[in-house]
Each structure stands twice: as C-alpha cells, then as structure tokens.
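Remarks on the structure that follows.
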Amino acid sequence: MLTRIDHIGIACFDLDRTVEFYRATYGFEVHHTEVNEEQGVREAMLRINGTSDGGASYLQLLEPTREDSAVGKWLAKNGEGVHHIAFGTADVDQDASDIRGKGVRVLYDEPRTGSMGSRITFLHPKDCHGVLTELVTARDEH
Ligand code: V0V
Ligand code: CO
C-alpha cells in the first residue's frame, strides 16, 4: 500500500548551487548526500517533515554524473525541473507486482538500491500520464 509522498526528484545542472537556493530561499537543510553510480546521479536529500508513522518527505536534488544517464538525458532535453515523484510503501515488491498486474510497465524486475539504503523501482512515464513514478521502501521499513 502506498502511504505517502516520499520525495519529489528535481533535476539540476549544479547540485551545490541548487542546494544553496533551497537553503537560502526556504531554509531547507541537507539531510543526506550520496553518489549512486548505478543511477548516474549525485544527489542531496532535503528533509521537509517527519510524520507520525515514521515516514518523511524529501526533496531529492539530482545532478547527473554522466550525460547518458536518465537524468543527464532528461536535462539535455528539458532543462532543469521536476523529474519524478516517489510514493512510499512498506513493501515495494508487493506494490510493484500489483501495479505490473494492472498493465503498467515496471522498469526493473527486482527493486534496486536507492537513496539512504532504500529499495526502489520505477514505473514508465508513458504508462502514468507523463509522470515518471518511483516506488520506494525506506531502509528501516523492510
Ligand atoms: C523520459 N520521459 C519522461 C521522463 N523521462 N517523461 C516524464 N518524466 C521523465 N522523467 C519521456 C520522454 O520525454 C520520451 O517521451 C519517453 O519518455 C522516452 O524517453 P527517452 O528520452 O527516450 O529516454 P529513455 O526511454 O531512454 O528513458 C526514460 C526512462 C529512464 C523513464 C526509461 O529515464 C529511466 O529508466 N528512469 C528510471 C531511472 C531514473 O530516472 N533514475 C534517476 C533518478 P517522447 O519524447 O517519446 O514523447 S535516481 C533516484 O530517484 C534515486 C537513486 C532515489 O530516489 O533513491
Ligand atoms: Co528518486
């Protein structure tokens, strides 16, 4: 069951400058940074709130580490902006399987490693009315 908006992924050309914009404009601080070579991103998670069920919402700022990555290709075509939304679930395997059964393309056979030790998969944007949609189970959730 999808229980929250886990994060909104935002593609940017310069991670440090974008982090500084969110800090100076809204007061959001960096909660976590990492490089995910498999996904081809350097990312910063800005934690917006904690919720009573232990979940949280984040902005995920994404800078490509290579031009042929998903974010690199998207930036070249569209420029900076919202790249994906991510719904949180305690069981990404089950939700991905259920959604695949409804005829939506799930991009990975098995969830892969996401930010902060999470497990993630993606739904094809062409099957989701133009929105690249991620499903994520946080490390502590599984
Ligand atoms: C592509 N399209 C999008 C899109 N990316 N539409 C909406 N939102 C996006 N972000 C559209 C694009 O305009 C094309 O439409 C069509 O899909 C095919 O796109 P393409 O440019 O030819 O690119 P593809 O097919 O090579 O790749 C698109 C997919 C790719 C979605 C398959 O981006 C992908 O595998 N994404 C999942 C992985 C990912 O995004 N990783 C980065 C975040 P037209 O022109 O044909 O109409 S990593 C992350 O979130 C982490 C680590 C985390 O949360 O922990
Ligand atoms: Co994401």
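Order of listing sets the numbers, starting from 1, for every ligand and every atom in it. Hydrogens, waters and symmetry mates are skipped; everything else that's a heavy atom, side chains included, is used.
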message: What I want to know is whether S118 and ligand 1 share at least one N or O pair that is separated by under 3.5 angstrom.
response: no
- prompt: Any N/O/S of S115 under 2.8 Å from the Co ion (ligand 2)?
  reply: no
query: Do ligand 1 and Q39 have nitrogen or oxygen atoms that lie under 3.5 Å from each other?
result: yes
message: When you measure from atom 8 (N) of ligand 1 to the protein, is at least one non-hydrogen atom found at a distance under 4.0 Å?
response: yes
query: Do any of the N, O or S atoms of E134 sit under 2.8 Å from the Co ion (ligand 2)?
result: yes
query: Are R23 and E20 close enough for a salt bridge, meaning some N to O gap below 4.0 Å?
result: yes
task: Could you tell me the residue and atom name of the protein heavy atom closest to atom 51 (C) of ligand 1, and the distance to it rounded to 0.1 Å?
output: Q60 NE2, 3.5 Å
field: Nearest-contact summary for atom 14 (C) of ligand 1 - protein heavy atom, Å
entry: K77 NZ, 3.6 Å
- request: Considering just N/O/S atoms, say which atom of H84 is closest to the Co ion (ligand 2).
  value: NE2
Shortest protein contact, atom 32 (C) of ligand 1 (heavy atom only): L107 CD1, 3.9 Å
- prompt: Is any heavy atom of the protein nearer than 4.0 Å to atom 28 (C) of ligand 1?
  reply: no
query: Among protein heavy atoms, which sits nearest to atom 31 (C) of ligand 1, and what does the distance come to when rounded to 0.1 Å?
result: P125 CD, 3.6 Å
query: What protein heavy atom sits nearest atom 10 (N) of ligand 1, and how far off is it?
result: H83 O, 2.9 Å
- prompt: So, is K73 polar-close to ligand 1, with some N/O to N/O distance under 3.5 Å?
  reply: yes
message: The test is side chain to side chain contact (heavy atoms under 4.5 Å, CB included); show your working for K73 and R66 and say whether it passes.
response: CA-CA 9 Å; K73 286 174 62 178; R66 45 178 199 271; over 6 Å; no
query: Can you find a protein heavy atom under 4.0 Å from atom 5 (N) of ligand 1?
result: yes
